[in-house]
Protein chains: 2
Amino acid sequence: MSEHAKHVVEIGLSAAIVSVVDDSPSVLVVHTNAGDDALPFGPFDPLAHRTLESGLRTWVGEQTYLDLGYVEQLYTFGDRGRHTLNPGENARVVSVGYLALTRQCGESKAPGTLWRGWYRFFPWEDWRDAKPPILDAVITPALARFVAEAPDKASADARRDRVRLCFGGKDSGWDEEKVLERYELLYEAGLIAESARDGRTARDHILPLGDRMMFDHRRILATAIARLRGKMKYRPVVFELMPPAFTLLELQRSVEAISGIRLHKQNFRRLVEDQGLVEGTGKVAAPARGRPAELFRFRREVLRERPSPGVRLARQRAGV
Amino acid sequence: MSEHAKHVVEIGLSAAIVSVVDDSPSVLVVHTNAGDDALPFGPFDPLAHRTLESGLRTWVGEQTYLDLGYVEQLYTFGDRGRHTLNPGENARVVSVGYLALTRQCGESKAPGTLWRGWYRFFPWEDWRDAKPPILDAVITPALARFVAEAPDKASADARRDRVRLCFGGKDSGWDEEKVLERYELLYEAGLIAESARDGRTARDHILPLGDRMMFDHRRILATAIARLRGKMKYRPVVFELMPPAFTLLELQRSVEAISGIRLHKQNFRRLVEDQGLVEGTGKVAAPARGRPAELFRFRREVLRERPSPGVRLARQRAGV
DNA sequence: CCTATATATACTCAAATAGAGCACAAGTGG
DNA sequence: CCACTTGTGCTCTATTTGAGTATATATAGG
């Protein structure tokens, strides 16, 4: 071994592979023996692959039979204690998280893997129907306790501000992009399963706040959701999740599914059409009920025309 | 060695440490024997450090005697051929790039390091005085050749669109955030020194387009500039580069230095003050010439009040 | 002292964008 | 036909952004 042996680590690649099925944004998970879901992950072999991304595409293709369309690097995590199976074990794994989008859905063809709606892991992130009840019922009181338990006043103030910025307050509303900030706050407040697993808090402090995942995979998924929610607005990435032809309502439902909020229908259409993101096909969809809608397709040309084409979110006020 | 030996790599941490001196955004570089500048970089020791960032902070502190304020991870590069010293050598280094901001400037106290204005590496990125002459003189004709040399029409169209999106065209203007896209285009078009070094193009194809750097460090720096130019707009990171008290013009000059464009003075002040980013100190600056300006300080409270406080760019039209 | 010049700061005005809603069209199932 | 559902066109207003005018306060030089 070389004198640099102590610096030697393994690179793990984790992928949040996302698809949208029936208005439900889903992520491909590996169901493990431990009971927890994990994101598909594999080692990076620097001899076999020229880039990290090509390494990722290869083993994802082999393991999941999926052909990834859009792939984007999220973040590289090196935290000890967040990636070890057993607390005693010395972690030498650095994991690079990726976001990948794919159109294919339905049952996963790979053994041991399945599609899971991502709000199972983040029930407080889905504001489409209403404010998620878990917020008032569980999270807000628990965070109020977290503020109250602060060692001194300055620390309490800081905690209070952080809670308000993450989860909104009287004046400030819900920011759907702060997925990671919210998860990290809950983790650091010692309220979720991973906090106890990583030895940050006592087991009886834990609340039932969504399903836990292996390693730091719930954190990677939070990063993925946040990135997708943000990116959607200035890059036409939603269309990676849509079939070749779709109605504007279907498109809107996908955007709503991802962002977790309801949009104003007319304004959504205006923004999408004014930006030249779609073009009509002339055909109409088979109407389940109601007036049949025109089928649209993505206009690839926008990528050349506009500097930052994306689906701006035209929020719909709650209760309308 | 374990059976995973083939997956074992070294992690290198590279940092673009940025400061602004006299309206010139600067980056700390290590002057190497090879003549090229390099970003400070060092190995990551997973046994000594719990996180990648703490590892970075430690050796940067040791090597440069700088106390880093703001630190942000940029991207993890694993490309073979972009990080090797010699083309024959088998790269087993994955480098994690970081952006760090620091107020301290003046001469660097660390031996072998010095501050360099970053536009030395990207002369086409500084539009403050005028459109950089290198664009019309060198870059535009070279890229026109790149388009003309495309193997077929579809490829030529794609190249033309890419050039226009990166460098602007008749209708679309200059997007100061596309630093990385522009660098990558020049690299892939085989026009810059690194392209030849990495064996992508012949040596006589290379044009004098800014100073080259070691490894993929110019790419990391491009990523850093792009990130900072973008982040500035929705996070108050500029203040990490400002002294405790400053005039609004000094603040504007710093923002202009980083973004590489001129701003509209009155609108800049309106945006900064309306957002509550600064508060007057009551004192006034010693006037070199002209009416003395009030000294302001950063209002830390905005971090608690506003969801995304940042310095919006109120562009000044060229020629005014 | 007066003027040219440079900077600071207040305020106005128009264009573009975003947010909310009304009205009506075109289908389905009873 | 009616109740209901979805689609589509259009209006109205508030806010934000982009650009410019006007005026205040300093220095330097004749």
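Naming: A, B, ... by sequence-line order, numbering from 1 per chain. Hydrogens, waters and symmetry mates play no part in the numbers below; they use all other heavy atoms, side chains included.
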Find the distance A/Phe268:CZ to C/dA20:P and express it as a whole number of Å.
16 Å

Just checking, any donor-acceptor pair under 3.5 angstrom between side chains of A/Tyr183 and A/Glu181?
no

Residues in side-chain hydrogen bond (donor to acceptor under 3.5 Å, both in side chains) contact with A/Asp157, at least two apart in sequence or another chain
A/Lys153, A/Arg160

Return the set of residues passing side chain to side chain contact (heavy atoms under 4.5 Å, CB included) with A/Val138 (not counting sequence neighbours), or none when no residue passes.
A/Ile134, A/Leu207, A/Leu209

side-chain hydrogen bond (donor to acceptor under 3.5 Å, both in side chains) filter on A/Asp67, not counting sequence neighbours, yields none

By side-chain hydrogen bond (donor to acceptor under 3.5 Å, both in side chains), which residues pair with B/Glu250, not counting sequence neighbours?
none

For atom CG of A/Asp274 and atom C1' of C/dT17, their distance in whole Å
11 Å

Rounded to whole angstroms, how far apart are NZ on A/Lys283 and C1' on C/dG27?
20 Å

side-chain hydrogen bond (donor to acceptor under 3.5 Å, both in side chains) involving A/Arg253 - partner list, sequence neighbours excluded
A/Glu256

For B/Arg262 and D/dG18, what is the distance between atoms CZ and P respectively, to the nearest whole Å?
18 Å

What's the CD-C1' distance between B/Gln275 and D/dT17, to the nearest Å?
13 Å

Sugar-phosphate atoms are those with a prime plus P, OP1 and OP2; base atoms are the rest. Using that split, label each nucleotide of nucleotides 2-14 of chain C B, S or - for protein heavy atoms under 4.0 Å, 5' to 3'.
----BBBBBB---

Using whole Å, what does the distance between atom C1' of nucleotide D/dG9 and atom NE2 of A/His264 come to?
13 Å

